[in-house]
Amino acid sequence: MNAEYYVHPSSAVDEGARVGKATRIWHFCHVMPTASIGSHCNIGQNVFIDNRVTIGNNVKIQNNVSVYSGVTVEDDVFLGPSMVFTNVVNPRSFVERKNEFKPTLVKRGATIGANATIVCGIEIGEYSLIGAGAVIIKNVPAFAMMVGNPARQIGWISKTGIKLEFDKTGNAFCKEENEGYVLAGNKVSLK
C-alpha cells in the first residue's frame, strides 16, 4: 500500500500507473499500467481507467464510470455517476479498431452529469455543464449549459455553477464568486 494515496483492497492499480498524492481510489476499481491520475482526486466505486488516460488534479469520478484510452480530463472536473465515454465512432466486436481511437478532452472545471454520453473526438469546454442523460455529439463551448439527446445549449453557467443572465451589452455578473463575464458572439469569457 502506498502512503501517498489510498487504494481500497478490492481495487487494482497496475504497476506503472501514476497516482498523485492524497488521491482516493474506492471499491472495485481498475487503473491500467499507463494511466496517470493527479493529486487530490476521488475515484468512486467500480471505475475503470484505461491505458493512455490522463486525469488532472482534484477530479471527482463518481461510481460506474469507464474512462477509455484517448480521454484527457483536466483539473477540477466532475464526472457524474454512470456517465459514458466512447473512443471509437463505429465499433464492431469482430473488427479491431484500436488504431482509430479518437481523443476526447474534458477541460478544466467541467461537469458531466449522471448517465450522460460523450461521443469520442470532441472537446468539452472549461466550466461547462452537461446535464444528466445528455448525449454530446459535438464540441461544447466554455461555460455552456447542455441538455438533451442530442444535446442542445440552453444557456451559460459561471465557474461556480450559477446560471448567467447577460444584459443587452453582453455582460453578466456572478454574485457567488464576485466575477464578471462577457458574451461576445458565441463565446463567454471572464471579465
Side-chain angles (χ1 to χ4, degrees), residues 1-128 130 132-140 146 151:
M1 186 64 67
N2 187 312
E4 292 286 307
Y5 56 87
Y6 172 78
V7 178
H8 188 273
S10 66
S11 291
V13 176
D14 290 345
E15 188 174 333
R18 293 179 294 164
V19 179
K21 185 176 182 177
T23 286
R24 296 179 310 259
I25 300 172
W26 295 102
H27 304 71
F28 312 114
C29 295
H30 188 182
V31 179
M32 298 293 281
T34 62
S36 176
I37 303 171
S39 64
H40 297 91
C41 294
N42 189 36
I43 311 299
Q45 179 175 302
N46 194 38
V47 170
F48 173 71
I49 300 177
D50 205 351
N51 284 308
R52 297 186 346 249
V53 165
T54 301
I55 306 290
N57 299 316
N58 197 38
V59 171
K60 292 182 180 173
I61 303 177
Q62 301 299 88
N63 296 351
N64 306 313
V65 174
S66 293
V67 186
Y68 294 119
S69 187
V71 175
T72 299
V73 177
E74 292 185 350
D75 297 347
D76 303 320
V77 166
F78 178 89
L79 301 179
S82 302
M83 62 79 49
V84 176
F85 288 107
T86 67
N87 60 6
V88 175
V89 174
N90 56 344
R92 295 286 195 213
S93 67
F94 56 91
V95 178
E96 185 73 30
R97 292 207 161 104
K98 289 184 179 176
N99 61 340
E100 297 178 28
F101 286 177
K102 299 209 178 295
T104 298
L105 174 61
V106 182
K107 298 197 79 170
R108 174 185 289 275
T111 291
I112 301 176
N115 296 305
T117 299
I118 310 301
V119 175
C120 60
I122 63 170
E123 183 175 295
I124 306 295
E126 293 173 328
Y127 302 103
S128 60
I130 310 302
V135 177
I136 304 296
I137 61 172
K138 61 184 178 180
N139 290 346
V140 173
M146 308 291 290

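The two atoms that bring Ser10 and Phe28 nearest to each other are OG-N, 2.9 Å, heavy atoms only. Of all the heavy atoms in Pro9 and Tyr6, the pair that sits closest is CD-OH, 3.9 Å. Nearest heavy-atom pair, Lys138 versus Ile122, reported as atom, atom and distance to 0.1 Å: O-CD1, 3.7 Å. Looking at every heavy atom in both residues, Ser11 comes nearest to Cys29 through OG-N, 2.8 Å. Shown here for Pro33 and Glu15, the closest heavy-atom pair between the two residues is CB-O, 3.4 Å.
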Sequence neighbours excluded and cut-off under 3.5 Å, please list the side-chain donor-acceptor pairs for residues 43-55, or say none.
| residue | atom | partner | partner atom | Å |
| --- | --- | --- | --- | --- |
| Asn46 | ND2 | Asn64 | OD1 | 2.8 |
| Asp50 | OD2 | Ser69 | N | 3.3 |
| Asn51 | OD1 | Thr34 | N | 2.9 |
| Asn51 | OD1 | Thr34 | OG1 | 2.8 |
| Arg52 | NH2 | Ser69 | OG | 3.2 |

Side-chain atoms of residues 105-120: list all donor-acceptor pairs with protein atoms under 3.5 Å, sequence neighbours left out, distances to 0.1 Å.
| residue | atom | partner | partner atom | Å |
| --- | --- | --- | --- | --- |
| Arg108 | NH1 | Asp76 | OD2 | 3.1 |
| Arg108 | NH2 | Asp75 | OD2 | 3.3 |

So Phe78 and Gln62, side chain to side chain contact (heavy atoms under 4.5 Å, CB included) or not? Walk me through it.
CA-CA 8 Å; Phe78 178 89; Gln62 301 299 88; 3.6 Å; yes
Trace of the side chain to side chain contact (heavy atoms under 4.5 Å, CB included) decision for Glu100 with Asn90
CA-CA 9 Å; Glu100 297 178 28; Asn90 56 344; 3.9 Å; yes
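For the atom pair Lys60 NZ and His40 NE2, the distance stands at 12.0 Å (nearest 0.5 Å). Summarising the geometry, atom CG belonging to Leu79 is positioned 12.0 Å from atom CG belonging to Asn63; distances are rounded to the nearest 0.5 Å. Note that CG of Asn87 and CZ of Arg97 are 12.0 Å apart. Values are rounded to the nearest 0.5 Å.
A 6.0 Å sphere centred on CZ of Arg18 holds no more than 12 heavy atoms belonging to other residues, nucleotides or ligands.
Checking side-chain atoms of Thr23 against main-chain N and O of Gly38 turns up a donor-acceptor pair under 3.5 Å.
Listed by chain and residue number, His30 satisfy the side chain to side chain donor-acceptor pair (under 3.5 Å) test with Asp14 (two or more places apart in sequence, or in another chain).
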